[in-house]
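One structure below.
All figures in this text were calculated on a predicted structure; none of them were measured in a lab.
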Amino acid sequence: MQHAQPEIQPLGRVWNLAWPMILSNISIPLLGAVDTAILGHLPVPEYLSGVAIGASVMSLLLWAFGFLRMGTTGLVARSQDGGADWLLRAGLMALLLGVLLQVFAFSLVESIVGWMNASPTATPHALAYLHIRLISAPIALVNFAILGFFIGRQDSRAPLYILLAANLLNIGLDFLFILGLGLGARGAAAATVCADVFACILGLRLLSRIDGAIWSTIAAQLRKRGFFPWVDRRPWIQLLQINADLFVRTCLLLLTFTFFTAQGAAQGDAVLAANAILLQLLMMVSYALDGFAHATEALIGEAVAKQSGKGFHATVYSAGILALGSAAGLTAILVLGQPVILTLFTDIGSVIDQAKRVYWWLCALPLLAVWSYQLDGVFIGAGRSRQMRDTMFIATILVFFPSWWLTQGWGNHGIWFSFLLWISARSLGLAGYYQYYTATKSWVE
């Protein structure tokens, strides 16, 4: 496995890995923002509300399997042989899980949408969106594994090419399908399915260029050991154990976001649409800051593989400085840009009024959330997934839901306040675990 310039200029190494990931990550919520802006300028809010519900459910279904990205990154980063075996294991698991997801989800989406308190006018659009999006579920999960593999190898350019190209295609198809052909929610879903397929094809093409040997390595393994060469249970158990912790952690995270959306829906289409816009802004901030977390995952994995305590702590410090500075800059943009930002997403007066009421909760989030993102990167790279699971459990079950229950009388302010406490609890919990392991144990042994 090839690595660049070990243990020198840690700030430079983090930045060189992070900036392509920042650009590629921003394209993901930018896509959602374009969907929101196009639908938000249609005559009625039902289209935006329906897609907000549908996209939230799809995130719940797909990102529950986000461990295929995170788990693959950490395992490949700590691998001594390039990680081709881990890629194929994760890819096979992704295909199987994607097919199972399709089988079960088609029969469940109507119940899930009903649970989210969608209005009678928004429900048909949400269901239409979901039925189309589920077509590409297996491909979307394979894309998680491919992206995790590239990040684990400290190749942040490949995810940039894949995500940027696919999301630009998606945006172009949004304009064609929604505005040009008038397909509404169905158009938004069809555009994403096409982009998923394109991303997978491009990812497979880029894999063939890694050292010119990735496919030949896998083919040699297949010739040597048969079609199912990985019969040794130990690597599978390791993969499943890490992924099980991350699965629980991600399900709790998505439960929080889905419940957040459902509570907005219960207060009417205008509140739901307003929260959808603010969550798109939060996603843009989160994905941008995640670029530093992804760089941290790869470099921490390398430090653990080399048993380099110096490299480990240099990465934590350097990535933390860069991420904090970026969080402060993003907060300033949100505060200073408030008069303009909301009008870019919608011209529906009732939606803008609702968004303005809770906008300042959003402005507080980047500086609170950045620590949870960065420490996620540390724990993923070091293979400490259980601590991530436990922290998310405490933040969700013992902080978020009790806070929401106590602040129901606050209306939309209550759900945003509870969300802020949830983010803060994640940051504090992971910081506590980090300090404990730093003081009592070695991260690299």
Side-chain angles (χ1 to χ4, degrees), residues 19-43 45 47-59 62-63 69 125-126 128-137 139-140 143-144 146-147 156-203 205-206 273 276-291 330 333 337 340-348 351:
W19 75 259
M21 290 307 309
I22 292 171
L23 290 181
S24 58
N25 282 353
I26 287 177
S27 71
I28 299 172
L30 179 62
L31 168 62
V34 171
D35 278 346
T36 302
I38 293 174
L39 294 164
H41 284 86
L42 294 179
Y47 292 102
L48 177 56
S49 300
V51 172
I53 290 283
S56 179
V57 172
M58 203 65 207
S59 293
L62 287 181
W63 281 104
R69 204 285 300 163
H125 302 295
Y129 178 91
L130 285 165
H131 287 149
I132 295 173
R133 278 293 308 273
L134 282 168
I135 293 171
S136 63
I139 294 173
N143 290 340
F144 288 171
I146 292 173
L147 293 174
S156 56
R157 301 295 178 91
L160 171 63
Y161 302 147
I162 294 169
L163 293 175
L164 197 58
N167 288 326
L168 287 174
L169 173 65
N170 200 337
I171 290 170
L173 292 177
D174 273 339
F175 282 99
L176 174 63
F177 292 160
I178 299 173
L179 296 181
L181 301 179
L183 296 179
R186 290 182 178 85
T192 304
V193 168
C194 293
D196 284 340
V197 174
F198 176 77
C200 189
I201 294 172
L202 180 57
R205 176 61 178 165
L206 292 174
I277 290 171
L278 297 183
L279 284 177
Q280 287 296 338
L281 291 169
L282 177 61
M283 288 300 101
M284 295 183 74
V285 170
S286 300
Y287 277 104
L289 295 176
D290 263 346
L330 291 167
I333 291 172
V340 176
I341 289 173
L342 294 178
T343 58
L344 294 175
F345 284 90
T346 185
D347 52 10
I348 301 173
V351 175

How many angstroms lie between atom [atom1] of [X] and atom [atom2] of [Y], to the nearest 0.5 angstrom?
X	Y	atom1	atom2	result
Y129	T192	OH	OG1	4.5 Å
D196	I201	CG	CD1	11.0 Å
M283	D290	CE	CG	9.0 Å
L282	I277	CG	CD1	14.0 Å
L181	F175	CG	CZ	13.5 Å

Tell me, please, which residues at least two apart from [X] pass side-chain contact (heavy atoms from CB on, under 4.5 Å).
X	result
L169	L173, F198
Y161	R157, L206
A128	R186

How would you list, by chain and number, every residue that makes a salt bridge (Lys or Arg N to Asp or Glu O under 4.0 Å) with R69, sequence neighbours excluded?
-> E297
Please give me the minimum heavy-atom distance between [X] and [Y], naming the atom from each residue.
X	Y	value
N170	A191	OD1-CB, 3.2 Å
R133	V193	CA-CG2, 3.9 Å
A195	A166	CB-O, 3.4 Å
I333	I341	O-CD1, 4.0 Å
I139	C200	CG2-CB, 3.5 Å
I162	G203	CD1-CA, 3.6 Å

What residues form a side chain to side chain donor-acceptor pair (under 3.5 Å) with N143, not counting sequence neighbours?
-> none
State, yes or no, whether a side-chain contact exists between V285 and L281 at a heavy-atom distance under 4.5 Å.
-> no
Taking the side chain as every heavy atom from C-beta outward, state whether L342 and L278 have any pair of such atoms under 4.5 Å apart.
-> yes
